[in-house]
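Only a predicted model underlies this, so the values are computations on that prediction, with no experimental measurement involved.
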Amino acid sequence: MDFWQRYRAIDARDTRFDGQFVTAVRSTGIYCRPSCPARTPKASNVTFFETSAAAHEAGYRACKRCLPEAVPGTPTWNLRSDVAGRAMRLINDGVVSRSGVEGLARKLGYSARQLNRILGEELGAGPLALARASRAQTARTLLVSTDMLLTDVAFAAGFNSVRQFNETVSEVFALTPSALRAAARRSGHRTGHTHRAWTGNAAAASALTVKLPFRAPFDPGIFTFLAVRAVPGIEHAEIRDDGVYSYARTLRLPRSAARFQVEFDAGSPGSGALTLAVSSIDLHDLPVLLSRVRRLFDLDADPVAVDEVLARDPRLTASVLAVPGIRLPGAVDPGELLVRAMIGQQITVAAARTALTGLAAAGTALPESDGLDRLFPTPGQIADGGRELLRGPRRRIESVLAAARAMASGELDFGYGDHHRTLAAKLLPLPGVGPWTMGYVAMRVPGDPDVLLANDAAVRNGLKALPDGAGLPVDFGNVSPWRSYATMHLWRAAAAKQAATSPQARRTATGAAPAAPRRRPPRRPAGSPA
């Protein structure tokens, strides 16, 4: 977007652009979200920044009226496959806090000096400033959403000391942490709670709840997508008759094992947020969890922009109108997603779930709570004990074990900082990994929005269920860069068609999940999205 496009967006107070850029006003020294209700400033006084960190670096502070930090993130980081986009995905996942700027630079294949220069030119701030802004956003969320002690908020947000926390919050928001919390309560911005205070660096709360904002509309079909693939003991999903959707699971994080549950009440869509409840987590891991849950539910997407492009294709128009705001499910653990994708090749979703349930026995056991009692096995645990637990063709078992060994040894290292080309270079040489598996991982790990799984049998079946597309591109190039969302619509169409003819499918898919039917084995491994 150029200057005047952005200026028209702030003049219209368009909420779609909240989180995609910030507006800094020289005459006041503050920066705002695009939809700030304050009077539109003169164009001559306005500077637009890609990130709040850049505004901080330029000497601006956050607006107390519109709370620019309390918005969904920008979808740009998934759209961009350049260094800046890849760096932002890793920074949001806490890589700078865990490994420093040097560790971030190594993952991206640059020196720290080069990375500082690139991010400074592209985003107006270096990696340390960007990480600092991310910590400030997490701190604000916890201050206004919970009753956590200020000391616990400091460490949970990723600060190394209470002094650093106090200085950063005061500098960014022009309020002390306690004043920021009090102001939020007076204005009614408090959106969560803890039943009791957190104590100690690794203590667990009986219930910590936080609201996760998103841009409307939001299609809850993503909960059903996760439900039909949930591995017992590790995941649990429920869709209640009163329109409440929930998904819970255990997750291994850098410092701890966590349990979390996400709920969405379809009966009150105006809330614009999902509710996240967390327990049993090291405070230092909380920012990582928040980032990964947002990725899992694609909460930073701009659904209006996606739907606008998809609806122009006559094949998808009716589907988009019927299901606005479809989301692209992400991944909370890149290695786990690769294993699930490889096991799910050429078999049904139900068969993949059965196989993964058997493999789950290799994972670390946890004290049972609400039916969750196990972590998904690490690559090392799969490599050591997977042969006795995996069932199916020998070649597929050997391929899964080979990938697990490569991840366990560090020979295979991929994640949120990758893009389609780097993933292809890392994954395609693996035995048993073909274009379908690589494309599916690209969709769900870095969140590549422009993947069409053209060789997928469910995609082909979904295409047959849609209006005729004679004369239109078979690769859906006309809806680029949103072909991953087109894939979701095609999966949904295939599932709906199968549900209309199969009583069993009606019981498992409910007509709302893009659950893929059985696939006819192609020449290269390509199977159900497990």
Side-chain angles (χ1 to χ4, degrees), residues 81 83 86-87 89-91 93-96 98-112 114-115 251-255 257 288 292 295 330-345 352 355-356 359-360 362-364 375-390 392-448 451 524-527 530:
S81 60
V83 177
R86 295 165 60 202
R89 294 198 293 269
L90 290 172
I91 290 170
D93 194 52
V95 169
V96 171
R98 296 194 299 273
S99 307
V101 176
E102 291 286 350
L104 175 66
R106 281 195 303 272
K107 283 186 172 292
L108 295 171
Y110 288 85
S111 69
Q114 286 177 306
L115 184 61
L251 179 63
R252 183 180 289 99
L253 294 168
R255 292 173 179 259
V288 180
R292 295 191 183 184
R295 295 192 65 81
V332 291
D333 185 317
E336 174 186 328
L337 195 279
L338 175 60
V339 170
R340 295 175 75 134
M342 294 180 71
I343 289 176
Q345 294 174 143
L356 288 163
L359 181 63
T364 303
L375 292 167
F376 193 88
T378 65
Q381 289 171 331
I382 295 172
D384 292 339
R387 189 179 301 278
E388 290 72 26
L389 298 171
L390 288 170
R394 183 175 61 84
R395 180 175 294 181
R396 185 172 68 213
I397 293 174
E398 293 297 338
S399 297
V400 171
L401 295 176
R405 286 192 293 269
M407 288 188 286
S409 67
E411 179 184 350
L412 175 60
D413 184 13
F414 71 100
Y416 305 113
D418 281 290
H419 56 81
H420 208 98
R421 292 189 301 277
T422 59
L423 279 175
K426 294 176 180 180
L427 300 183
L428 288 179
L430 295 174
V433 174
W436 181 91
T437 307
M438 194 279 296
Y440 184 66
V441 172
M443 283 176 60
R444 295 199 57 186
V445 174
D448 188 334
V451 176
R524 293 294 300 273

Heavy-atom pair with the smallest gap, counting every atom of [X] and [Y]:
X    : Y    : value
P431 : A402 : CG-CB, 4.2 Å
F376 : V339 : CZ-CG1, 4.2 Å
V441 : A341 : CG2-CB, 4.5 Å
R292 : V332 : NH1-O, 3.1 Å
A403 : L338 : CB-CD2, 4.4 Å
H420 : A442 : ND1-CB, 3.8 Å

With a 3.5 Å distance limit and no angle check, can you tell me whether S99 reaches the backbone of V96 through a side-chain donor-acceptor pair? no

Quick one: does Q345's side chain have a donor or acceptor within less than 3.5 Å of a partner on G434's backbone? no

Does any part of the side chain of [Y], heavy atoms only, come nearer than 4.5 Å to the side chain of [X], both counted from C-beta?
X    : Y    : result
E398 : R387 : yes
V83  : Q114 : no
L390 : R396 : no
R295 : R89  : yes
V433 : M342 : yes
R255 : V288 : no

How many angstroms lie between [atom1] in [X] and [atom2] in [Y], if you round to the nearest 0.5 Å?
X    : Y    : atom1 : atom2 : result
L423 : M443 : CG    : CE    : 13.0 Å
I343 : T437 : CD1   : OG1   : 11.5 Å
L412 : L427 : CG    : CG    : 6.0 Å
R340 : L356 : CZ    : CG    : 5.5 Å
K426 : M438 : NZ    : CE    : 13.0 Å
L430 : M407 : CG    : CE    : 8.5 Å

Heavy atoms from other residues, nucleotides or ligands near CD of E102 exceed 12 (cutoff 6.0 Å): no

Steps toward salt bridge (Lys or Arg N to Asp or Glu O under 4.0 Å) verdict (D93, R98): CA-CA 10 Å; D93 194 52; R98 296 194 299 273; 3.5 Å; yes

